[in-house]
Amino acid sequence: MSTALIAYAINATRPLITSPVGIFLVVLMIMLVTPMIFNRLRIPTVIGLILAGVIAGPYGFNLLARDMSFEVFGQVGLLYLMFLAGIEIDMYHLKKNLRKGVVFGMFTFFIPLLLGTVAALTFLKLSLLTSVLLASMFAAHTLLAYPIVSRFGLTRQPAVVIAIAGTIFTVLGSLIVLAATVGVARDGSFEVMGILRLLGSLILYCLITVYIYPRLTRWFFKRYHETILQFIYVLAMVFLAAEMAVAIHIEAVFGAFYAGLVLNRYIPGKSPLMGRIEFVGNALFIPYFLIGVGMLINIKVLFTGWNTIYVATVMCATAMATKWLAAFATQKTFGMNAIDRSIMYQLSNAHTAVALAVVMIGFNLGIFEETILDGTIVMILVTCTVSSLGTSRAASKLKVMSLTKEEILTGENAKDKSRISNVLIPVANPESATELVNLAVMMQPADSRARHLYALHVRNDNSAQSRAVGRSSLDTAEQVAASVDLRLEPVERYDYNFVTGVLNAIHERDITEVVIGLHRRTMVLDSFLGDKLEQLLKATYRMISISRCFIPINTVTRVVVAVPPKAEYETGFRQWVEALGNITRQLGCRIIFCCTTATAGAIKAVLRSGAFEIRAEFRPLEQMDDFVLLANKILDDDLMVVVSSRRASVSFTSFMDTLPEFLRKYFSRNNLLIIYPEQFGDEGIVPMMADSLSTDIASAPSPIWLRVMEIYRRGIALRKRFTHRNRQNRIEL
């Protein structure tokens, strides 16, 4: 197919620019100037790149020839486009809309196949075999307009997920029809065993990929944390999946898409790796593919005769009408609205990759005449233009509608949205800065651009070594945030000690949340949290998240949360539930809340109001003493989250006095995230100085009340231990 396609695309005359540097320069200038012009005209850039390819290609001003570079980069761009479509799908939404996607796939394959066959027999007077092969080209489509919905942030909308799921169904169906018709044309008969072998190879391919890829990816990401190595690994896995698909006679686009589905679990949307994947694809490979598509289009075929115009008109009308009928049937079947129908129709309306494969194979085998080849080129131009314009218009309407629904679901008003959350990330060294910033970014919602991130390094000496460590730590944190297109403000403080520096930063910048790493024990007498964290917890009532992860957070398989009774009455209850919901949504894994029935109801209400749509499960945990039972159920790849509380708060229990020691003893090898929610509202006292040896730092409740409550809780703890010991003695007797 590649050789014939190049031979068809290259004009007889020599192109004006032949040097590699000149060719690449022209392509870069097209990528640079086209968006600037077409954004002003409010026309999708996708159309601009295709038209630029028409103008600069062999059938335009002949600036460039569609040589092997466009063939290679164009194929890479197409695979990259399908890979992005797979990697950006939320598996929760895919499973939720899988039935609708399969139904849409059946409609958008069989309706064009049947009606296209009838149209070819009636209007074009083709044979039955030729008509079926031509109709399979109408059935298949390419997600050419996917970058448009991605730019609008609509990749998780049900209509988009349904369209993507239907695309794979149509691609596979068209390839099966192609294999069957080619077999009939070559052998003169239909071979059932050939189709069964193809289906068996497809099933085996999917099983092997879904078993090997996750295990290999988790192993690689645990051992190699450098983003560039991870990026190269991901690309290698994508093209390996595509090449294996070609080896079993399946189109490479299916392999790239399937690899994206399998790998998206390990590439969170807010991660440096995802930022690099999207940047390289949208900046280079996908534009190269679109320009190459434009270079295939020969406008002159419209002037070769009325027969070509007639054939092209029938093909365009049939392809677009049958795709609209498929979207309309899906809309009526599931009671969807007109905007969803428009999104499904426009995304499935563009015909490029599979259409070119079908027409070139049919042309080489003598099934198609040259008029069908010319009509296909016109159909590609028309459907790509209509699809891009229609998707842009429908996506803008869907974006407005989705924002309105979100406001209704969350119950937010202008006053709630005006509240800005400020996140402080104390970093001690460059090694811990990367993971802390990644965790803090994942805890933020999708509109985190309205939030302020601060990285803080506190030092109490002016030595050159201390300054170098601080500057390096802050630079690393800033680079990690910039890789996900977020702005992080570095803050370097020279202060009395670490606790005082953090407290001063909290009050100077109105910090609402602190994400900090768990200290490393250097002496036997060190406590689990350490003196600094214990002082910080007593000095502020803002939400503090203490992290200790032995593996990259994107390789976590489950999030297990232990929640104390009455946690729903704390001031920061909604804040930490939403933070964990954001983490789970980014990771695409399960989250298991171990809590009381009353707390479970409150958590469900927060997740429902925030429209998180994550896989949340609930396990009974009536008393924090039952927390002991979780020790043997937490795996090495799990993230154990413990929601604790400060003294004199509503959810504080006597068990929390021994919780740090318990975590040290039974969870020393597990990934931990300890959350102290915001408590006591905004009434906390602001201590501006904290002595490094002090433990009695002022707090909102009265010191006398704290002492009384401490004596009371110790009495309860002693009574429980005494009762437990007597029970054990009775059992032994």
Side-chain angles (χ1 to χ4, degrees), residues 5 8-9 30-31 34-35 37-38 41-57 59-60 66 70 73-75 77-82 84-85 108 112 137-151 163-164 167 170-171 174 253 282 285-302 312-324 327 342-360 373-395:
L5 201 59
Y8 176 77
I30 292 175
M31 295 178 184
T34 302
I37 297 176
F38 281 81
L41 299 176
R42 298 187 180 276
I43 299 177
T45 308
V46 173
I47 296 179
L49 292 172
I50 295 176
L51 292 179
V54 174
I55 295 172
Y59 303 109
R66 196 180 192 280
F70 283 95
F73 279 97
Q75 183 70 11
L78 176 60
L79 297 181
Y80 215 103
L81 182 66
M82 297 302 297
L84 284 180
T108 198
M137 184 172 61
F138 298 152
H141 58 262
T142 304
L143 294 173
L144 191 76
Y146 181 80
I148 298 176
V149 295
S150 178
R151 190 180 71 249
I164 294 174
T167 300
T170 59
V171 168
S174 298
V253 293
N282 294 326
F285 292 132
I286 295 177
Y288 233 112
F289 162 68
L290 297 174
I291 295 172
V293 170
M295 297 176 71
L296 286 171
I297 298 174
N298 184 6
I299 304 296
K300 299 176 183 178
V301 299
L302 293 174
T313 302
V314 172
M315 293 178 64
C316 292
T318 304
M320 293 190 292
T322 53
K323 287 296 183 181
W324 185 90
S342 182
I343 284 289
M344 292 185 296
Y345 165 58
Q346 298 297 355
L347 281 177
S348 61
N349 194 24
H351 298 73
T352 53
V354 179
L356 286 172
V358 172
V359 74
M360 291 309 304
L373 185 64
D374 295 336
T376 303
I377 299 301
V378 177
M379 185 187 69
I380 290 175
L381 175 62
V382 173
T383 56
C384 290
T385 303
V386 173
S387 174
S388 301
L389 289 174
T391 302
S392 179
R393 183 169 58 253

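The shortest side-chain heavy-atom distance between Met379 and Val382 does not fall under the 4.5 Å cut-off. In this structure, Lys323 and Thr108 have side chains that are in contact, with non-hydrogen atoms separated by less than 4.5 Å. Looking at Thr391 and Val46, their side chains never come closer than 4.5 Å, going by heavy atoms from C-beta outward.
Contact detail for Ile148 and Ser392: the closest heavy-atom pair is CG2-CA, 3.8 Å. The two residues Tyr146 and Leu347 make their nearest non-hydrogen contact at N-CD2, 4.1 Å. Minimum heavy-atom separation, Ile343 to Ala395: CD1-N, 3.8 Å. Nearest heavy-atom pair, Thr383 versus His351, reported as atom, atom and distance to 0.1 Å: OG1-N, 3.4 Å. The two atoms that bring Thr385 and Ile47 nearest to each other are O-CD1, 3.5 Å, heavy atoms only. Closest approach of Ala319 and Phe138 over heavy atoms only: CB-CD2, 4.0 Å.
A donor-acceptor pair is defined here as one N or O able to donate and one able to accept, closer than 3.5 Å; no such pair exists between the side chain of Thr318 and the backbone of Met315.
With rounding to the nearest 0.5 Å, the separation of NE2 in His141 from OG1 in Thr167 is 3.0 Å. Here the CG-CG distance, from Leu143 to Leu78, works out to 9.5 Å after rounding to the nearest 0.5 Å. Taking OG1 of Thr34 as the reference point, atom CG of Leu290 lies at 10.5 Å (rounded to 0.5 Å). The distance from atom CG of Asn282 to atom CE of Met31, rounded to the nearest 0.5 Å, is 11.5 Å. Here CG of Leu81 is found 13.0 Å from CZ of Phe285. Values are rounded to the nearest 0.5 Å.
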Under the side-chain contact (heavy atoms from CB on, under 4.5 Å) rule, what do Ile286 and Leu84 come out as? Steps first, then yes or no, please.
CA-CA 10 Å; Ile286 295 177; Leu84 284 180; 3.8 Å; yes
How far apart are the C-alpha atoms of Ile50 and Leu144, what are their side-chain angles, what is the distance that settles it, and do they pass the side-chain contact (heavy atoms from CB on, under 4.5 Å) test?
CA-CA 11 Å; Ile50 295 176; Leu144 191 76; 3.7 Å; yes
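Between Phe70 and Tyr288, the ring-plane angle classifies as tilted under the 30° and 60° cut-offs.
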